[in-house]
2 protein chains.
Amino acid sequence: MNETAHCRTELVAVVLGLDTIAAKEPQLCVLTTGEGDGFPSGPLQAGQASLQRSLRHWVENLTGFRLGHTEQLYTFADAEDDFGNRAVRISYMALARSSAEMASWQSVYAYFPWEDRRSDDAQAFLIPLVRHMKSWVADNERRLTRCSVAFGLDGHEWNDELVLDRYELLWEAGLLPEAGSREESEAPLFTGCLGRAMKHDHRRILATALSRIRAKIRYTPAVFDFLPEYFTLLQLQQAMETLAGRRMHKQNFRRLVQHQSLVEETDLFDPSGQGRPARLYRFCEASSQNCYLAGAKLPLPPLV
Amino acid sequence: MNETAHCRTELVAVVLGLDTIAAKEPQLCVLTTGEGDGFPSGPLQAGQASLQRSLRHWVENLTGFRLGHTEQLYTFADAEDDFGNRAVRISYMALARSSAEMASWQSVYAYFPWEDRRSDDAQAFLIPLVRHMKSWVADNERRLTRCSVAFGLDGHEWNDELVLDRYELLWEAGLLPEAGSREESEAPLFTGCLGRAMKHDHRRILATALSRIRAKIRYTPAVFDFLPEYFTLLQLQQAMETLAGRRMHKQNFRRLVQHQSLVEETDLFDPSGQGRPARLYRFCEASSQNCYLAGAKLPLPPLV
DNA sequence: TCTCTATATGCTCAATCTGAGCATAACGAT
DNA sequence: ATCGTTATGCTCAGATTGAGCATATAGAGA
């Protein structure tokens, strides 16, 4: 009972990127394996390999993708199996610069349809979920507070960064198939609302990654890791919008960015658009310490 | 080379608390073992114990302290030893409510004297370090930027949350004894400036914890975990100041707190002070989602 | 060429937030 | 009663934010 457990240590990578090529609006993508139900992962190798090096090895082996800078997300432990073995899973997040390959990646918001509030569709996904949550809440005071805060009800504002809280509430309410036994009877009620499931706890890891990147882009220049060297302010704004899952006010967003001299004007223009060509800018590393990029929000419609 | 490594999994706890009893000003304390050179830690146990449960077990066994809510910090891997064994260390942070016992804990700022900028002493600790860092920077452009941002030089502002960055810079510059071979010759130059060392990477873990808690108190009501049920606004402010390591503007701080209705007035007063008795307040959980507690800063003197 | 549409970009204005400091209130000590 | 000390209330200018109007510059079509 009190003896030391030796465990298999597994490394998992969530590689995020923006697919700016396919559609008019960028898509948030993630590198998956199999049928899009898992992330590249593998055991920590012997030899002098570090955690990061092992991770790099597995991602490259399984997908051919070469990891750049990574950030640790969270470490989970499985329950023991029948042989007394257990796995410790260390998850990492990496950001990938836009490229054509991403079209073959999976859309992040396919796993969390309610998190993409750029269009009004999200509202349609969310409403049936919230209705179900209300019955789960019943008279439980604690549950009510958690739901109000997480889903922006009862006068609370929608908070982009509470991705994990929302996921966990849906899990606890038994709405997610990963949560185990749930009759299929309710399925038709939620067609398309619940998003795609993943194996093990990978969808939870993705929720953690989305929370983290949304928090990160507000106070660090992390968005620029997704963008090419030269970009228009609209591209920058749309990258923020895609990550944050909500719209921003155009003129105010430019003011915010330019005021902090986060970007540097160039003499180049992007002639591909329909209207007046947009000036191309470049990230300005020099003054990027006190970066603040959110705040130019557009109000969201209240949830019913 | 490519075979799976089975590792020992170790859990480490950084338990922080505020010692409000001893001195007039609260002290940030941490629960340590031995001579204050390590944190309570132990291997993940077999059985159905979860990570958190194992952690709890070790902390209670080694120190008698009962953990409350914990938050995962970071997972490190040691290099392999001669037998091909290695350890994975998962670190956690916990917050403890003020109590008399804390007087026997260790002061966090004894490990990072330069991080406590409430008094001007920190300046005295920091200046020799910065002087040494400048020679380490030499003409290296990258190092210069990192130092300027981390230490608030060249027009950059001091950022409380960059504890880990500062620690790592000092490490890389070879100023810290944990970093390995360093002649004692320079020691007298830095008497008392470098802070206490710890075994393994425990001091790095403490730096991670301090970074995390400083970031956390700004946007969450985490400070209240340190305070008793009833407190004065000065106590709340001093708790923030102790954690953030800097002074705040009193009147503006109250305005900030009261405007967000984060706290609730009571009819009680604290008669223990010298002047007019301060009203006691209580944490108001209801409206704590969009909490913002920093910002009422006082300017810091420029470094030289 | 002229017009229309679409996008980029500049500018204003009110409401709010922040940093700083002055003024008053209420206690104990002398 | 007076003074030192801390709590608390209030003001004011400057900066930031949310919202929207106005103008500039492109391609497409009449």
Side-chain angles (χ1 to χ4, degrees), chain A residues 20 24-26 157-158 218-219 230-241 244 246-281 290-302, chain B residues 20 24-26 157-158 218-219 230-241 244 246-281 290-302:
Chain A
T20 52
K24 189 176 152 192
E25 275 217 299
E157 281 228 336
W158 179 269
R218 303 186 113 203
Y219 305 106
Y230 296 94
F231 49 83
T232 66
L233 292 186
L234 181 62
Q235 284 175 314
L236 175 58
Q237 180 182 343
Q238 287 184 329
M240 288 292 293
E241 289 180 336
R246 58 184 303 170
R247 295 244 164 266
M248 293 175 169
H249 185 285
K250 191 167 178 171
Q251 294 94 320
N252 291 349
F253 181 76
R254 340 177 106 250
R255 182 175 60 185
L256 201 67
V257 173
Q258 290 175 316
H259 238 74
Q260 297 172 96
S261 50
L262 269 178
V263 295
E264 190 175 54
E265 251 189 38
T266 71
D267 294 331
L268 306 171
F269 289 84
D270 171 21
S272 68
Q274 303 205 38
R276 172 173 168 179
R279 187 183 288 277
L280 289 172
Y281 289 79
N290 269 344
C291 159
Y292 177 63
L293 274 170
K297 296 179 204 138
L298 233 40
L300 289 173
Chain B
T20 52
K24 189 176 149 192
E25 275 218 298
E157 282 229 335
W158 178 269
R218 303 187 111 203
Y219 304 108
Y230 297 93
F231 49 83
T232 67
L233 291 186
L234 181 62
Q235 284 174 313
L236 176 58
Q237 180 182 342
Q238 287 183 330
M240 288 292 294
E241 289 180 336
R246 57 184 303 170
R247 295 243 164 265
M248 293 176 170
H249 185 284
K250 191 168 179 169
Q251 294 94 319
N252 291 349
F253 181 77
R254 341 177 106 248
R255 182 175 58 186
L256 203 65
V257 173
Q258 291 177 315
H259 238 75
Q260 297 171 98
S261 50
L262 268 177
V263 295
E264 189 176 53
E265 251 189 37
T266 72
D267 294 330
L268 307 171
F269 290 83
D270 171 21
S272 67
Q274 303 204 36
R276 170 171 170 180
R279 186 183 289 277
L280 289 171
Y281 289 80
N290 269 343
C291 158
Y292 175 64
L293 274 170
K297 294 178 205 143
L298 234 39
L300 290 173

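Note on naming: letters A, B, ... go to the chains in the order of the sequence lines (proteins, then strands), and numbering restarts at 1 for each one.
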What is the separation between atom [atom1] on [X] and atom [atom2] on [N], rounded to the nearest whole Å?
| X | N | atom1 | atom2 | result |
| --- | --- | --- | --- | --- |
| B:Leu234 | D:dT8 | CG | C1' | 12 Å |
| A:Leu233 | C:dA8 | CG | C1' | 9 Å |
| A:His259 | C:dT9 | NE2 | C1' | 16 Å |
| B:Lys297 | D:dA15 | NZ | P | 17 Å |
| A:Asn252 | C:dC13 | CG | C1' | 12 Å |
| A:Leu256 | D:dA19 | CG | C1' | 15 Å |
| A:Asp270 | D:dG27 | CG | P | 12 Å |
| B:Gln251 | D:dT6 | CD | C1' | 11 Å |

- Message: So if I take every side-chain heavy atom of B:Lys250 and compare against D:dA22, D:dA7, C:dG21, which nucleotide ends up nearest?
- Response: D:dA7

- Task: Taking only the side-chain heavy atoms of B:Pro299 (C-beta and beyond), determine which of D:dG9, D:dA22, C:dA20 contains the nearest atom.
- Result: C:dA20

- Sub-6.0 Å ring centroid separation between B:Tyr292 and B:Tyr219: yes

- If only atom types and distance count, is the side chain of A:Gln258 paired as donor or acceptor with the main-chain N or O of A:Val263 below 3.5 Å? no

- Message: Determine whether a donor-acceptor pair (N or O, by modelled atom type, separation under 3.5 Å) exists between the side chain of A:Arg247 and the backbone of A:Glu241.
- Response: no

- 5'-most contact on DNA chain C (nearest-nucleotide basis), B:Gln274 vs B:Tyr292, goes to B:Tyr292

- Classify the side chain of A:Arg255 and the base of C:dG10 as holding, or not holding, a donor-acceptor pair under 3.5 Å. no

- Message: Could you check whether the side chain of B:Arg276 and the base of D:dG4 have a donor-acceptor pair of N or O atoms closer than 3.5 Å, going by distance alone?
- Response: no

- Message: Just so I know, are the side chains of A:Gln260 and A:Leu256 near enough to count as touching, which here means a heavy-atom distance under 4.5 Å?
- Response: yes

